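In what follows, every heavy atom counts, from backbone to side chain, and hydrogens, waters and symmetry copies are set aside. Predicted model, so just to flag it, every value in this text is computed and none were measured. In what follows, every chain begins at residue 1, and chains take the letters A, B, ... in the order their sequences are listed.
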Protein chains: 2
Amino acid sequence: MNLEDLRVIKTKTNLQSTLIELLKEKPLEKVTVTELCRLSGITRRTFYLHYENVPKYFGEIIEQLMDELEQSMQKTTNYRLLNYQQLDPKMIHLFEHIYNNKEFYQFIFNNNSNFAYYEMFFKRIKRFVKSSMESMDLINEITDFEVSYQANAILGIILEWYYQDFQKSVADMNLILLKVLKL
Amino acid sequence: MNLEDLRVIKTKTNLQSTLIELLKEKPLEKVTVTELCRLSGITRRTFYLHYENVPKYFGEIIEQLMDELEQSMQKTTNYRLLNYQQLDPKMIHLFEHIYNNKEFYQFIFNNNSNFAYYEMFFKRIKRFVKSSMESMDLINEITDFEVSYQANAILGIILEWYYQDFQKSVADMNLILLKVLKL
DNA sequence: AACTATATTATACAAGTGTGTAATAATTTT
DNA sequence: AAAATTATTACACACTTGTATAATATAGTT
């Protein structure tokens, strides 16, 4: 038995590319299932066979982005997030990934966006922060509150970057994070 | 000329109380304008004369909640958020307010929620953190990045509290915040 | 109390939503 | 290559949405 039917793959890739195209013209909340399907050349019925609605569907695309985010962060396996003393240039990968995918992160932080997207982001950062903390501090137990605190703090910086329209360079963001962690 | 017509006040209070009632039965995304208006005894046309749609309308109610939040925080004007040395019992007002309005905060953090609600929350916490930081540190300039970092960090703790279904007591949360800020 | 302003209603319409059913077509399995 | 499986289609249905228009009712103003 195959993992995915060829037909399914075809419909899904069709849908995804037309959605990406549509999002260059209009915000997500203006994309209707009807239009998406008409442009993709598939029936609405088929869409609903796979997904609930447009925002939930977009959530799947965001999950793909989050996989890439995680890979970016894992490039810096041995980097210690809270080791303020030395600036590791590898650390730059997090902000680099975000900058390279600005458009998607703008959808996540957009006013009409779904909170679920933010949560996906949050969860991945938490995972990264947790392993960073654990590799640093082998003595004490790290609580979920500490992890959520640190992870969401970093997200706060990223949010601020977004609010300032990604004016700051990736290198600047790197320094800002280090400075703020030291605080 | 009056600030608000009596008729307007009547429709708005009607709508609000029926919405609150409806939200005890079903999630926000299942509330339709049609049902809301039928139960409120007003026409759909009237609803659209005042609001855009149900989620945006609910945003107005959240703004009211945010006003209450800000009042709670202002009760502790002289409390210094980052003064780790002494635990001020007044500080409890923040978590107290959240606990007393659990149901609303569950709507904000809910998976199908609008990111706009989170942002409203974030903005208020930022304002509080900014003034706290400014009253502490009169020498250095405080950047927006530092404020967003601290504010969202606190929101991270609140989010974790929500994930753990508000099991921890208000007093516990108070201690957790202090401990984590000291970290 | 009469006049003016405007909020609300009644009604209608084109469009989109989510779901059901049976027929058809493409893919996988044997 | 034939059979079995299942994704997709075609069509239909009740429902919701957002907007338009004219009539009505209710408030505020003089």
Could you tabulate the donor-acceptor pairs under 3.5 Å formed by side-chain atoms of residues 39-49 of chain A, not counting sequence neighbours?
unit_1: A:S40; atom_1: OG; unit_2: A:T18; atom_2: OG1; d: 2.6
unit_1: A:S40; atom_1: OG; unit_2: A:L36; atom_2: O; d: 2.7
unit_1: A:T43; atom_1: OG1; unit_2: A:T46; atom_2: OG1; d: 3.0

Within 45° cone and under 6.0 Å: A:K56 NZ/CZ vs A:F58 ring: no
Lys/Arg cation over aromatic A:Y99: A:K102, 6.0 Å, 45° cone: yes
Phosphate OP1/OP2 of C:dA7 contacted by B:T46 side-chain N/O (<4.0 Å): no
Interatomic distance where OH belongs to B:Y51 and P belongs to D:dT16 [whole Å]: 21 Å
Distance, rounded to the nearest Å, where B:K12 contributes NZ and C:dA7 contributes P: 10 Å
Pair B:N152, B:Y118: side-chain N/O donor-acceptor within cut-off below 3.5 Å: yes
Protein-nucleotide distance (B:I9, atom CD1; D:dT26, atom P), rounded to Å: 16 Å
Short side-chain N/O contact to D:dA7 OP1/OP2 from A:H50, under 4.0 Å: no
Pair B:E35 + B:K26: basic N to acidic O under 4.0 Å: yes
Per-nucleotide protein contact string for nucleotides 16-26 of chain C, where B marks a base within reach and S marks sugar-phosphate only (heavy atoms under 4.0 Å, - for neither): SBBBBB---BB
Parallel, tilted or perpendicular: ring planes of A:Y57 versus A:Y51, cut at 30 and 60 degrees: tilted
Nucleotide D:dT26, atom P - distance to CG of B:D5 in whole Å: 12 Å
Short side-chain N/O contact to C:dA7 OP1/OP2 from B:T11, under 4.0 Å: no
Atom-pair distance (CG on A:L49; P on D:dT9), nearest Å: 10 Å
